[in-house]
Amino acid sequence: MTNLQAIVMAVLQGVTELFPVSSLGHAVILPRLLHWAIDQKSPDFLPYLVVMHLGTAIALLLYFWRDWWAFIQSLVGAASETTRTDRRILLLVILATIPAVVVGAVLRKLLGDAFATPLLAAAFLVVNGFILFGGEKLGSSAAGTLDQLNWKGALAIGVAQCLALIPGISRSGSTIVAGVIAGLQHKDSARFSFLMAPPIMLGATVHEAPELLHQNATLGGAALLSGAVAGVVAFISIAVLMRYFRSHEFEALNPFAWYCWIAGVLSFGWIFLTSP
């Protein structure tokens, strides 16, 4: 992978990880569409994608630093109504993170094979469009705030996050949809989704990075470069997306659903027709 390719992958990651259109799906599809000489079946490809998420995780921590600082204070500060609410939200974030950790660990080999299949990623990008569109219909009357979320809703959002282990299904999309169905308004559902992301991203990076850097230092360097660029782009993307959800409550996910349908169908058709 060249530095230019690493930067292109990073910009793509920084935008599509936060927007509900599946960063992993795009990362699997793009090299195939552009005929890059990248071996997606290599055992190093999935770790590369994981390490590339490091910059996005840092961007999320920086953007939501007030929330994370409030979480820390809720654990060590004096008891009050505010600290109890912050501590409760932190526990819900932890609970929502558990399902994807378990499923990802158990199905790592199977998921690794899926990341080598651009045609599958394109098909699931179309499926992601239906998830967004259907979720918008089911949660059209949602108006709850984050402090109203209960443990059942948090667990449901965590289970939904497991779908994003499939290339083409968006992590932010599936969790935002689950949050809206659980009764949260879009901006609060997006906030909870983005609070869930750093723990699992950082955990996956800690697991995959040492082996990648040890076995393939060149690709490891490309992953770190990608992560740095992705972090800058992701920070901008978060700001844009949160502003969008604050001003668009009705059918806010529908434009992303249409994008997924169009991009997924066109990518599937092109890959299918040009496959040897």
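In what follows, residues are counted from 1 in the order of the sequence shown. Reckoned from all heavy atoms, side chains included, excluding hydrogens, waters and symmetry mates.
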Open item on the list: Pair Ile176, Phe245 - check side chain to side chain contact (heavy atoms under 4.5 Å, CB included), show working.
Closed with: CA-CA 11 Å; Ile176 291 173; Phe245 282 130; 4.0 Å; yes
Open item on the list: Please say yes or no: joined through hydrophobic side-chain contacts below 4.5 Å, possibly via intermediate residues, are Val126 and Phe268 part of one cluster?
Closed with: no
- [ ] Quick one: pull up CG in Leu195 and CG in Leu61 and give me the separation to the nearest 0.5 Å.
- [x] 9.5 Å
Open item on the list: So which atom in Val15 and which in Ser237 form the shortest heavy-atom distance, rounded to 0.1 Å?
Closed with: CA-OG, 3.5 Å
TODO: Would you confirm whether Ser74, through its side chain, and Phe71, through its main-chain N or O, come within 3.5 Å as a donor-acceptor pair?
DONE: yes
Open item on the list: Are Leu75 and Leu90 packed together at the side-chain level, in the sense that at least one heavy-atom pair is separated by less than 4.5 angstrom?
Closed with: yes
Task: Contact check, side chains of Leu33 and Ile271, non-hydrogen atoms, under 4.5 Å - done: yes
Task: Whether Thr56 side chain and Gly14 backbone form a donor-acceptor pair below 3.5 Å - done: no
Open item on the list: Do Arg32 and Thr274 make a side-chain contact, defined as non-hydrogen atoms from C-beta onward lying under 4.5 Å apart?
Closed with: yes
Open item on the list: Would you say CZ of Arg243 has more than 12 non-hydrogen atoms from neighbouring residues, nucleotides or ligands within 6.0 angstrom?
Closed with: no
Task: Residues Ser172 and Ser170: side-chain donor-acceptor under 3.5 angstrom - done: yes
TODO: Could you check if a side-chain atom of Pro167 sits within less than 4.5 angstrom of a side-chain atom of Leu120, using non-hydrogen atoms only?
DONE: no
Open item on the list: Would you compute the distance between atom OG of Ser80 and atom CZ of Arg87 and round it to the nearest 0.5 angstrom?
Closed with: 8.5 Å
Task: Flag for Glu17-His26: side-chain donor and acceptor within less than 3.5 Å - done: no
- [ ] Enter the distance from Gln5:CD to Leu30:CG here, rounded to the nearest 0.5 Å.
- [x] 9.5 Å
Task: Shortest non-hydrogen contact from Ala27 toward Leu12 - done: N-CD2, 4.0 Å
Open item on the list: Would the distance check show the side chain of Thr85 and the main-chain N or O of Glu81 forming a donor-acceptor pair, the cut-off being under 3.5 Å?
Closed with: yes
Task: Interatomic spacing from CD1 in Ile7 to OG in Ser226 - rounded to 0.5 Å - done: 8.0 Å
- [ ] Looking only at non-hydrogen atoms, find the nearest pair between Leu149 and Ala154 and report the distance.
- [x] CD1-N, 3.9 Å
TODO: Check whether any side-chain heavy atom of Leu18 sits under 4.5 Å from a side-chain heavy atom of Phe194, and report yes or no.
DONE: yes
TODO: Kindly work out whether a path of hydrophobic side-chain contacts (I/L/V/M/F/W/Y, heavy atoms less than 4.5 Å apart) joins Leu202 to Met196.
DONE: yes
TODO: Take Val177 and Ile181, measure what side chain to side chain contact (heavy atoms under 4.5 Å, CB included) needs, and give me the verdict at the end.
DONE: CA-CA 6 Å; Val177 163; Ile181 293 175; 3.8 Å; yes
Task: From CA spacing to verdict: side chain to side chain contact (heavy atoms under 4.5 Å, CB included), Trp261, Asn128 - done: CA-CA 8 Å; Trp261 287 332; Asn128 188 67; over 6 Å; no
Task: N/O donor-acceptor pair under 3.5 Å between Gln161 side chain and Thr175 backbone - done: no
Task: Single-linkage hydrophobic cluster Leu266~Phe19, side-chain heavy atoms < 4.5 angstrom - done: no
- [ ] Drop me the distance from Arg246's CZ to Leu241's CG, to the nearest 0.5 angstrom.
- [x] 10.0 Å
Task: Distance-minimising heavy-atom pair for Ser22 and Gly168 - done: OG-N, 3.1 Å
TODO: Consider only side-chain heavy atoms of I, L, V, M, F, W and Y, link residues closer than 4.5 Å, and tell whether Leu54 and Leu225 are in one cluster.
DONE: yes
TODO: Please tell me if the side chains of Tyr63 and Leu60 come closer than 4.5 Å, counting only heavy atoms from C-beta onward.
DONE: no
TODO: Over all heavy atoms of both residues, which pair between Phe124 and Ile169 is shortest? Give the atoms and the distance, please.
DONE: O-CD1, 3.5 Å
Task: Asp188 side chain to Thr145 backbone, donor-acceptor under 3.5 Å - done: no
TODO: Start with the C-alpha gap between Ser23 and Arg171, add the side-chain angles, then the distance that decides, and say whether side chain to side chain contact (heavy atoms under 4.5 Å, CB included) holds.
DONE: CA-CA 8 Å; Ser23 64; Arg171 192 208 65 81; over 6 Å; no
Task: Test: Asp67 and Arg191 ion pair at under 4.0 Å - done: yes
TODO: Indicate, with yes or no, if Val103 and Val159 share a hydrophobic cluster defined by side-chain heavy-atom contacts under 4.5 Å among Ile, Leu, Val, Met, Phe, Trp and Tyr.
DONE: no
Open item on the list: To the closest 0.5 Å, what do you measure between CZ (Arg88) and OG1 (Thr83)?
Closed with: 13.5 Å
- [ ] State, yes or no, whether a side-chain contact exists between Pro20 and Leu253 at a heavy-atom distance under 4.5 Å.
- [x] yes
- [ ] Would you mind reporting whether Ser193 and Ile157 have side-chain heavy atoms less than 4.5 Å apart?
- [x] no
Open item on the list: To check you understand the geometry: which heavy-atom pair defines the closest contact between Gly231 and Ala59, and what is its length?
Closed with: O-CB, 3.3 Å
TODO: Assess the pair Tyr244 and Phe256: is the distance between their ring centroids shorter than 6.0 Å?
DONE: yes
